[in-house]
Amino acid sequence: MSTTPADTLDRLDNLPFTRKHRKIVFASGLGWAFDAMDVGLITYIIAVLTKQWGLNATEQSLIVSAGFVGMAIGATCGGALADRVGRRTVFTVTLVVYGIATGASAFAGGVLQLIILRTIVGLGLGAELPVASTLVQEVSPRRIRGSITVWLEAFWALGWTAAALIGYFVVPLSDDGWRIAFGIGALPALYALVLRLHLPESVRFLLHKGEDEKAAQVVDELADGHVPLPAQDGHSAEATSLEKPTWGKLFSPSLRKRTVAIWTVWFMVNLGYYGSSIWIPSILHANGHDLVKSFGFTLIITLAQLPGYATSAYLIEHWGRRATLTTFLLGSSLGAVGFGMADSSTAIIATGCVLSFFNLGAWGALYAITPEIYPTFIRATGAGAATGFGRLASIAAPFLVTFLLGIGGVPGGNKGLLFPVLAGAFIVAAVATLALPERKGQSLS
């Protein structure tokens, strides 16, 4: 018996969470973790290269920003490409680009080579993250879609923790410790690539392309023999659309308000996160702690990300998307103020953990809410464009940090205007979140 696209989507929305869903989240999450490990490693490597290569502040900023330039381009173009050729295809290619460029970074002999390679790494990373969250959302049951996306983002904490461990135990081993770290970062990508080749394509993308039978087959695979749960009253499956995805349509009358709002949130969250997290080891070192001790502090602070994700994953399906994201952004602001005022090891760790808890919980909620606010035909384009625009802040963050640390700084550890400005960025993001639609419990449409 044939099924209509609406029947397929209703069945998908009301599936229980099956073994197949877990496989998709795990395979996608591993790539997410490797991405986080790469971004995290640069926070430790830059501190070491500053000593080895005698980097000045501008060179430090260029190396860090190069990856974010690639991420901005990769996110914007990768999302648009995923709406044309498929989520799975783009998702797989991005990991190949990332793995090769990360491995090659281990052999960099100078600043220019490292900047070029970091840019290429960023292309892979930037395209992968919004496409991954879009794919996972489009195959997830409706009632737990937000939580699943937050748990996907939680793999970021695992990767960042792995980076902290590598930074603490491997990078300081020798002058070539940072090269070994890059090599370690590239190897696991091979395993993730094998897993990813077996991922299904998005059901909603297949329906959008008119491949109704393939979409129904994917739902059969996802069901894994389970019977769908009773449908929720008052919710219907989305209608298919033949519209072509273009960046201009993100600013059509029906989407303009949410696009401006989500771009604002992404920009400010990137500014706050990368303005603090990327530079914590270097800031600690500059304030009198040796590299090993600074890396140890950062490892402890990083572990606070995990309960942050867990709390966000729970609240997003109970409070809703906007309330959860707003709460965690305001908490991030308080954490930033506290970290900026901390003047002892205990205070640094405590306030750093608060910042880490709320900051990464906010990231989880942000990745959950972003794809949901766009229809299928332009979902990956919208998510990629928002991510890409946000990366502009991460490009500027290293230069802004260098500038702000030099304003108002005094002997004894005062961090100048840096953390008050970052706290303000989180507050602006929280206000912009209020303009986003609430999609808790609704079918993607």
Side-chain angles (χ1 to χ4, degrees), residues 26-52 63-64 67 95 98-99 101-103 105-106 108 114 118 121 125 128-129 151-192 195 273-274 276-285 289-310 339 345-346 348-357 359-361 363-364:
F26 181 73
S28 303
L30 276 182
W32 207 291
F34 301 148
D35 293 352
M37 186 166 63
D38 179 87
V39 176
L41 280 175
I42 200 65
T43 69
Y44 302 96
I45 290 172
I46 199 70
V48 171
L49 291 183
T50 297
K51 295 181 63 177
Q52 284 191 21
I63 291 173
V64 174
L95 192 60
Y98 149 74
T102 299
S105 298
L114 191 55
R118 294 304 301 167
V121 167
L125 295 180
E128 175 169 17
L129 301 184
W151 281 118
L152 170 68
E153 229 283 302
F155 278 85
W156 184 272
L158 298 179
W160 201 275
T161 300
L165 291 171
I166 295 170
Y168 186 74
F169 291 108
V170 177
V171 174
L173 283 178
S174 68
D175 288 345
D176 290 328
W178 65 273
R179 298 185 188 274
I180 299 173
F182 272 137
I184 293 174
L187 289 177
L190 298 175
Y191 177 60
L195 290 179
Y273 176 71
Y274 288 106
S276 57
S277 298
I278 288 292
W279 294 96
I280 282 178
S282 297
I283 290 172
L284 291 172
H285 181 54
H289 301 286
D290 61 49
L291 282 178
V292 174
K293 190 174 183 180
S294 297
F295 291 173
F297 283 176
T298 306
L299 173 58
I300 296 172
I301 292 171
T302 298
L303 292 175
Q305 296 179 10
L306 292 172
Y309 281 123
F339 190 84
S345 297
T346 301
I348 287 173
I349 293 175
T351 56
C353 286
V354 171
L355 176 59
S356 186
F357 175 93
N359 204 338
L360 275 297
W363 272 111

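All values reported here derive from a predicted model rather than from experimental measurement.
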From [X] atom [atom1] to [Y] atom [atom2], the distance as rounded to the nearest 0.5 Å:
{"X": "T50", "Y": "I45", "atom1": "OG1", "atom2": "CD1", "result": "11.5 Å"}
{"X": "D176", "Y": "W178", "atom1": "CG", "atom2": "CH2", "result": "8.0 Å"}
{"X": "L360", "Y": "L355", "atom1": "CG", "atom2": "CG", "result": "9.0 Å"}
{"X": "I301", "Y": "I348", "atom1": "CD1", "atom2": "CD1", "result": "7.5 Å"}
{"X": "Q305", "Y": "W160", "atom1": "CD", "atom2": "CH2", "result": "7.5 Å"}
{"X": "I42", "Y": "T102", "atom1": "CD1", "atom2": "OG1", "result": "10.0 Å"}

Between K51 and D175, is a side chain to side chain contact (heavy atoms under 4.5 Å, CB included) present by the stated rule, with each step listed?
-> CA-CA 10 Å; K51 295 181 63 177; D175 288 345; over 6 Å; no

So, does R179 use its side chain to make a donor-acceptor pair with the main chain of A108 at under 3.5 Å?
-> yes

Flag side-chain contact, heavy atom, 4.5 Å: [X] against [Y]:
{"X": "F182", "Y": "V121", "result": "no"}
{"X": "I184", "Y": "L41", "result": "no"}
{"X": "V64", "Y": "I46", "result": "yes"}
{"X": "L165", "Y": "V170", "result": "no"}

Side chain to side chain contact (heavy atoms under 4.5 Å, CB included) partner of F339, the single match among T351, V354, I349 | T351

Side chain to side chain contact (heavy atoms under 4.5 Å, CB included) partner of F155, chosen from Y309, F26, F34 = F26

Quick note, salt bridge (charged side-chain N to carboxylate O under 4.0 Å, His left out) partners involving residues 153-174, not counting sequence neighbours, are none

Could you tell me which non-hydrogen atom of [X] sits nearest to which non-hydrogen atom of [Y], and how far apart they are?
{"X": "A163", "Y": "M37", "result": "CB-O, 3.5 Å"}
{"X": "A106", "Y": "G183", "result": "CB-N, 4.2 Å"}
{"X": "A186", "Y": "G99", "result": "CB-O, 3.5 Å"}

Start with the C-alpha distance between W363 and Y273, add both sets of side-chain angles, then the distance that settles side chain to side chain contact (heavy atoms under 4.5 Å, CB included), and finish with yes or no.
-> CA-CA 9 Å; W363 272 111; Y273 176 71; 3.2 Å; yes

Using side chain to side chain contact (heavy atoms under 4.5 Å, CB included) as the criterion, list what pairs up with F357, not counting sequence neighbours.
-> P307, T311, F328

Kindly write out the residues that satisfy side chain to side chain contact (heavy atoms under 4.5 Å, CB included) with A304, not counting sequence neighbours, or none if the list is empty.
-> C353, S356

